[in-house]
Amino acid sequence: MSEQDNELGLFLRSRREAVRPADVGLPTGARRRTPGLRRSELATLAGVSVEYLTRLEQGRDRRPSAAVLSTLAEALRLGMGERVHLYRLTKAADGFRCSSGPIEPVRTVRPTVAALLARLEPTPAVLLNQLSEILAYTGGYERLARPLGLLDGDPPSLARFLFTDARARSVYPDWEHVADEQVAALKEGPFRHDAHMAALADELTVAAGDEFARRADSVPGLPRRSGVTRLAHPGAGELRLAYETLELTTEDQRILVHLPADEATAAALARLDAPGPRTLRAVTG
């Protein structure tokens with residue numbers, strides 16, 4: 001079974017390996033060969049058998065009960081977003097969202113969301129859907145992103161830019177990390193169980209080859225909601241941008257807001273904003 005058919009197992013294993021034994025009261029010895037928790041340790045903490053946990057991680061059982069999910073979530077110290085993702089992965093195994101045909105990705109922008117973006121001017125902020133398509137953005141984001149090529153395409157797409165545009169590695173000095181995060185964002189939810197996401201994944205696999213396919217098979221869902229991204233901007237130099245993610249769960253959309261992470265970046269963004277505020281731009285599909 002390939003990893004793309006076993007997102008639940010991949011997620012459970014990655015979370016298990018991320019928990020430090022000391023965090024759950026277990027000794028940390030020099031002889032530990034497994035990062036994080038051993039299967040036997042997680043099984044004991046969750047009150048399930050090692051054999052059953054092995055079946056879950058290997059994809060031989062992808063429909064654990066709600067009670068098992070709850071005990072695993074507690075043992076793995078999952079946050080609320082991770083718990084929701086875990087639940088979605090079990091539903092994806094049952095083909096949820098596919099029983100009545102593919103659900104079209106939301107490409108419209110609600111008026112209140114447009115108004116919120118307008119209030120964020122001149123902060124660089126962008127509205128994305130689950131496919132990473134850019135739906136709307138502030139003038140501050142346009143001044144930041146257009147010279148980089150991020151707004152090219154119809155519609156513009158962060159995933160396509162990152163994996164298919166030759167400029168991407170120059171734009172992102174930490175391209176490898178950014179690529180991991182982008183794949184994690186695409187995999188948040190049903191991933192290949194959704195027809196539109198599966199088509200995008202196939203497109204990126206053909207276009208980018210192993211750089212995308214390897215990540216699709218090994219990077220679990222749930223990207224970081226906040227962090228710092230470095231950008232190499234032709235007019236402003238290297239920028240360090242702190243980002244925050246605002247989720248719009250009913251539309252499977254998210255607003256990505258960028259703020260300067262240091263004084264040099266704040267000064268550079270101020271220079272980009274010098275021409276004055278611009279009108280919110282929405283991409284219609």
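When a residue number appears, it is its place in the shown sequence, counting from 1.
- The aromatic rings of Y172 and F161 sit perpendicular to each other, their planes meeting at more than 60°, with 30° as the lower class boundary.
- Here CG of L76 is found 9.0 Å from CZ of R16. Values are rounded to the nearest 0.5 Å.
- Salt bridge R214/E211: present, at least one basic N to carboxylate O contact under 4.0 Å.
- The closest side-chain heavy-atom distance from L231 to L144 is below 4.5 Å.
- At a threshold of 4.0 Å, the pair R83-E74 counts as salt-bridged, since one of the basic side-chain nitrogens sits closer than that to a carboxylate oxygen.
- How far CG of L259 is from OG1 of T265: 11.0 Å, rounded to the nearest 0.5 Å.
- With a 4.5 Å cut-off on side-chain heavy atoms, V106 and D252 do not count as touching.
- By the criterion of side-chain heavy atoms lying less than 4.5 angstrom apart, applied directly or through intervening Ile, Leu, Val, Met, Phe, Trp or Tyr residues, V228 is not grouped with L150; the two fall into different hydrophobic clusters.
- Looking at R167 and D152, their side chains come closer than 4.5 Å, going by heavy atoms from C-beta outward.
- For the atom pair OG1 (T123) and NE2 (H258), the distance works out to 11.0 Å, reported to the nearest 0.5 Å.
- Ion pair E176/R215 flagged as a salt bridge, since at least one NZ, NE, NH1 or NH2 atom sits closer than 4.0 Å to an Asp/Glu carboxylate oxygen.
- For the pair L222/F11, a side-chain contact is recorded, criterion being any heavy-atom separation below 4.5 Å from C-beta on.
- Note that CZ of R225 and CG of L246 are 11.0 Å apart. Values are rounded to the nearest 0.5 Å.
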